[in-house]
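Read the numbers this way: they start at 1 and go in the same order the structure lists the ligands and their atoms. Quantities reported herein were computed from a predicted structural model and do not represent experimental measurements.
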Amino acid sequence: MAVSQTQVWQSATVVEVSEIARDIKRIVFAPEFPVKAEPGSHIDLLVQIDGEDVQRSYSVVDSSEDGSRIAISVFKAPLSRGGSEFMHAVSVGDSMRITQPLQNFPLRVGAQKYVLLAGGIGVTAIANMASVLRRIKADYRLVYVGRSRDAMAYLGELAELHGDRFSAHIDDEGTSLKIPELLADVDQDTELYMCGPIRLMDAVRRTWIERELDLPNLRYETFGNSGWYDPEEFIVRVPKLNLEVLVPTDRSMLEALEDAGADMMFDCRKGECGLCEVRITEINGVIDHRDVFYSERQQRLNKKMNCCVSRAVTSPSGVRTDSASGPAVVTIEPN
Ligand code: FES
């Protein structure tokens with residue numbers, strides 16, 4: 001869960017940029033005020049979208065002992081909201097505004113056993129944890145899931161570094177992950193840390209609950225942007241504020257409401273803390289709940305949504321379920 005921390009902004013120079021997998025770049029910063037990044041930490045940075053400074057968060061993949069080098073990796077998402085495109089254009093020598101490392105996905109040292117699960121670019125949040133567990137000689141497994149080998153950053157390095165403790169499941173090689181097998185030997189003394197697409201994490205969470213394992217031992221970091229359906233533009237109506245706003249595919253509902261002048265509450269902007277919750281009074285279409293804050297039951301009720309990540313779509317098949325046409329429409333009361 002998100003923990004509010006003071007953000008100390010500083011300038012940082014880009015000292016290395018390299019393409020490490022398809023559509024994934026590794027970017028290394030030399031920050032003005034170095035602080036070592038603990039596993040599970042991230043940095044916020046300012047990117048320019050349409051001439052405006054916009055804040056984005058990226059997991060720290062690794063950092064030097066003294067914090068003088070901080071590495072992130074950025075996936076250029078096909079449905080990018082502009083941040084990853086900007087990051088893919090930075091070059092060595094550029095100066096950027098970044099925070100010192102912030103922690104909201106801490107690794108608890110001292111568990112008897114660990115499973116680390118990385119899905120796609122989620123490996124950026126997990127790789128550093130695996131290094132630490134290896135260093136302290138913990139009992140751990142690192143499981144890396146991806147669609148195809150060429151799109152999996154750090155695959156070779158991780159396989160080499162973690163040896164028998166490492167396994168990869170690659171969809172287009174027919175070795176997709178089977179969640180029941182992943183959790184087969186997990187017991188109450190095992191902690192599982194995961195970061196990846198919401199479908200993967202949701203499936204793990206369901207099986208975890210079915211197995212009656214302790215929920216506090218299941219820890220996760222979200223991207224805050226991977227949903228059940230492709231994003232569509234939709235309309236949000238806020239009668240109390242006399243607002244009707246079109247939410248484009250590249251903006252969140254929270255951002256669109258902020259753009260329209262609504263004073264919104266939020267913290268994590270990743271679907272974890274619940275602070276941006278709004279009440280749904282009417283929906284023409286389907287809510288694509290993309291948060292990890294609500295239980296499955298709460299999501300099914302469709303009474304509330306976390307507007308920083310969740311969206312509305314016409315229907316799972318792209319076909320309206322009512323007689324109207326046009327984009328989905330959700331009517332809300334703000335928090
Ligand atoms: S701001 Fe945290 S869930 Fe939306």
query: From atom 2 (Fe) of ligand 1 out to just under 2.8 Å, does an N/O/S atom of Cys276 turn up?
result: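 Checking atom 2 (Fe) of ligand 1 against Cys276, no N, O or S atom falls under 2.8 Å.
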
message: So, 2.8 Å as the limit: is an N/O/S atom of Cys308 located closer than that to atom 2 (Fe) of ligand 1?
response: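 For Cys308, the answer is no, given that no N, O or S atom comes within less than 2.8 Å of atom 2 (Fe) of ligand 1.
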
Which of the numbered atoms in ligand 1 are below 4.0 angstrom from a heavy atom of [X]?
X      : result
Cys273 : 1 (S), 2 (Fe), 3 (S)
Glu272 : 3 (S)
Gly271 : 3 (S)
Gly274 : 2 (Fe), 3 (S)
Phe266 : 1 (S)

message: Is it the case that the side chains of Arg22 and Ser148 hold a donor-acceptor pair, with the cut-off being a distance below 3.5 Å and no angle test?
response: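 There is such a pair (donor and acceptor under 3.5 Å, judged by atom type) between the side chains of Ser148 and Arg22.
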
Residues, nucleotides or ligands: over 12 heavy atoms within 6.0 Å of [X] [atom1]:
X      : atom1 : answer
Asp53  : CG    : yes
Arg165 : CZ    : yes
Gln188 : CD    : yes

task: Determine the interplanar angle of the Tyr193 and Tyr114 rings, folded into 0 to 90°, and report it as parallel if under 30°, tilted if 30 to 60°, perpendicular if over 60°.
output: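 If you compare the ring of Tyr193 with that of Tyr114, the planes turn out tilted.
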
field: Centroid separation Tyr140 to His162 less than 6.0 Å
entry: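 Yes; His162 has its ring centre under 6.0 Å from that of Tyr140.
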
message: Tell me the contacting part of Glu277 for ligand 1: side chain, backbone, both, or neither, using a 4.0 Å heavy-atom threshold, strictly below.
response: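 The answer is neither.
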
- request: Starting from atom 1 (S) of ligand 1, find the nearest protein heavy-atom neighbour and note its residue, name and distance.
  value: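 Among all protein heavy atoms, the one nearest atom 1 (S) of ligand 1 is Arg269 N, 3.2 Å.
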
- request: Take Ile170 and Met152, measure what side-chain contact (heavy atoms from CB on, under 4.5 Å) needs, and give me the verdict at the end.
  value: CA-CA 9 Å; Ile170 304 171; Met152 293 171 74; 3.7 Å; yes

query: Does ligand 1 have any atom that is closer than 4.0 Å to a heavy atom of Asp267?
result: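 Contact check Asp267 vs ligand 1: positive.
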
